[in-house]
Structure formats: C-alpha cells, structure tokens
Amino acid sequence: SGFSFREVMDQKKILLVNLSKGLVGEINANLLGMIIVSKLQMAALERASLPEDQRHDFYLYMDEFQNFITESIATILSEARKYRLNLIMAHQYMKQLEDNKGKTTVRDAVLGNAGTLVCFRIGPEDADVLQKEYAPVFGAYDLLNVEQYTAYTKLLIDNTAAKPFNMMTYPARPGNKELAAAIKELSRLKYGRPKELVEAEIAKRSKLFEVFGDQKPGEEFGPGPEGKLGSGNGGMV
C-alpha cells in the first residue's frame, strides 16, 4: 500500500523487486511474487479507462518465473497486450511451466501467444514439444543438434507464419567495464539523492515519527532519559 502500481506503469517509473530465496525464504518469495504479478495485472487492466494512444509500454521482466506461475500469467499473455504490458520471462525448460496437478495452461499460453520463435539448442523433452512448431522443415533431431551460435527461427509476418529457417547469430562481445562504470556514475549524479533525505522522506510518509516520538532515521531506538520510548542507547530500528 506504500505506492501505486498504476502510477509506476503510467509514469514510466522503474520498480525493482528482489525476491531472492536466500533473503526472504522460498515460500515468502513465491507468495510475494504471485501477489506482485497479480497487482501488475490489475493495474494493466485498469488502463481500459485510458485512450489507447496514452498507454505507455511497460516491460515486466520475470527471472525464474516458474516460481510465480498462476492463472493470471495465462491471462496476462492473452489479454494484457492491448494494455501495453509486455512480458520478458526467463526459465530453463518447458516442464517447469506445468502446475502441481500437471496442467499445461501456462505453457500452452506461452506457445499460443508467441508469434516468432527462435530456438537454440534444447533438451529432448522440449524438442518433442517444439518440433510440432517447426514441422515439416525441422524435426526433434535438428533442434537437439543445433550448432553453436545458430538457431532455428520461425517468423510471424503480417499475421502469417513464415517457413522456418536456420539463422546464424553473432557471438557475445566482451564488455567495456570502464564505460559501464562511467554510465553508472552519470546516472548517480543525474538521478541520485542523498540517503539521509530519502530515509527522512520514507519516515515521514510512513508516519514513523508518530510511533517513535523524536526518533530520527538512522538513530538507535531505546528508552530515553525519562524511560520513554525514543532516542537512546538500547536496541535499534
């Protein structure tokens, strides 16, 4: 409730959510992930009140998204495009897209809504599924034995599936660490704010002062000189 997902989408803001299982635990990470995906779906559907030309593209990146699989994912894949919610989902293999009961609703939604397919080397089970998409040009054996830096591609052109073909890609180039550091520094100077100001603003918005009295952000919390809760030497916030 501390911020609006709709505002994040409409005002082109960036929302970063760290759901590392090592930090919050597996159950908490899965639960929070499903809640956030559902909130973003609702925010996207609320865009129906906006004219189509005012709906800015919003890109949702989900790493290891099999942990957040719900029926809302299938709904987003089929309905959220007109509300300009774009999905980039990363996982390892097709079996992960089945729920605990073996239903393939999400997997079918992914394949059914992907117009263009680019397939690098994959495993046997995935090859059995995807060979149907490339038939009769390529079979499961071809998908299992793709050469390095090449892929089998099937394009959707003017809403018509083109004949699959083999495509060669470029190998990854070495990164420029100096340029990356310069870009980060430029971003920090242009958009960064002092940590103290941000913490004070968070405390003001969350009304922490009403709870902690004269407690200031960053100070230790404990009994004050008169035994009242507030700034002191004991404990921490």
Side-chain angles (χ1 to χ4, degrees), residues 1-20 24 28-91 96-99 103-118 133 153-162 183-184 186-195 197-208:
S1 61
F3 63 94
S4 168
F5 284 87
R6 176 70 183 276
E7 180 181 331
V8 171
M9 297 180 71
D10 291 345
Q11 297 186 14
K12 301 181 180 180
K13 294 185 177 181
I14 297 175
L15 172 65
L16 299 176
V17 182
N18 185 357
L19 295 177
S20 172
V24 299
N28 292 335
N30 295 349
L31 177 60
L32 288 171
M34 289 188 288
I35 292 174
I36 290 168
V37 169
S38 298
K39 294 281 285 184
L40 286 169
Q41 178 194 4
M42 293 173 61
L45 296 178
E46 289 173 1
R47 284 180 155 188
S49 60
L50 273 180
E52 193 167 351
D53 58 346
Q54 295 181 20
R55 300 172 191 167
H56 304 294
D57 283 315
F58 185 81
Y59 295 88
L60 172 59
Y61 293 81
M62 291 186 288
D63 189 24
E64 304 292 353
F65 91 102
Q66 74 276 1
N67 296 318
F68 318 125
I69 285 181
T70 62
E71 292 185 0
S72 63
I73 293 289
T75 304
I76 291 174
L77 284 166
S78 58
E79 298 181 11
R81 278 185 304 238
K82 56 179 172 284
Y83 302 117
R84 309 294 286 274
L85 176 60
N86 311 306
L87 300 183
I88 296 89
M89 304 179 298
H91 66 108
Q96 291 177 311
L97 304 187
E98 298 179 8
D99 62 14
K103 291 185 178 180
T104 60
T105 304
V106 174
R107 189 193 74 181
D108 296 340
V110 170
L111 294 176
N113 288 279
T116 294
L117 298 177
V118 179
E133 301 285 345
T153 306
K154 179 182 176 184
L155 296 178
L156 185 69
I157 303 174
D158 295 331
N159 292 322
T160 302
I183 293 174
K184 288 181 181 179
L186 177 62
S187 177
R188 186 185 70 82
L189 293 173
K190 186 175 182 179
Y191 301 106
R193 298 173 59 195
K195 180 180 178 182
L197 294 179
V198 175
E199 289 181 341
E201 183 177 326
I202 292 173
K204 182 178 180 181
R205 290 177 57 189
S206 58
K207 300 181 180 179
L208 288 178

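Minimum heavy-atom separation, L77 to L87: CD2-CD1, 3.7 Å. Contact record, E52 with R84: O-NH1, 4.0 Å, taken as the closest heavy-atom pair. Across all their heavy atoms, L19 and G33 have their closest contact at CD1-CA, 3.5 Å. Closest approach of L15 to V17, counting heavy atoms only: CG-CG2, 4.0 Å. Between K154 and A161, the shortest heavy-atom distance links the atoms CE-CB, 3.8 Å. Minimum interatomic distance between A90 and Q66 (heavy atoms only, all atoms of both residues): O-OE1, 4.2 Å.
N67 places a side-chain N or O within 3.5 Å of a backbone atom of E64 that can act as its donor or acceptor partner. When atom types are taken as modelled, the side chain of S4 and the backbone of E7 share a donor-acceptor pair closer than 3.5 angstrom. In this structure, S187 contributes its side chain and I183 its backbone to no donor-acceptor pair below 3.5 Å. The closest donor-acceptor contact from the side chain of N18 to the backbone of S20 lies under 3.5 Å. Remark: the backbone N or O of L85 is not paired with any side-chain donor or acceptor of R55 at under 3.5 angstrom.
No side-chain heavy atom of L197 sits less than 4.5 Å from a side-chain heavy atom of E201. In this structure, the side chains of L60 and L40 come closer than 4.5 Å at one or more pairs of heavy atoms.
Comment: D10 engages R47 in a salt bridge, judged by a side-chain N to carboxylate O separation of less than 4.0 angstrom.
Rounding to the nearest 0.5 Å gives a distance of 6.5 Å between CD1 of I88 and CG of N86. Residue Y191 holds its OH atom at 9.0 Å from CD1 of I14, rounded to the nearest 0.5 Å. Rounding to the nearest 0.5 Å places CZ of F58 at 11.5 Å from NZ of K13. The CZ atom of F65 lies 8.5 Å from the CD atom of Q96; values are rounded to the nearest 0.5 Å. Note that CD of E46 and CD of Q41 are 11.0 Å apart. Values are rounded to the nearest 0.5 Å. We find the NZ-CG distance between K184 and L189 to be 14.0 Å, quoted to the nearest 0.5 Å.
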Problem set entry | side-chain contact (heavy atoms from CB on, under 4.5 Å) assessment of L97 paired with V110 | CA-CA 9 Å; L97 304 187; V110 170; 4.3 Å; yes
Exercise. Could you go step by step and tell me if R6 and M42 meet the side-chain contact (heavy atoms from CB on, under 4.5 Å) rule?
Worked result: CA-CA 9 Å; R6 176 70 183 276; M42 293 173 61; over 6 Å; no
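The number of heavy atoms from other shown groups lying within 6.0 Å of CG (D53) is above 12.
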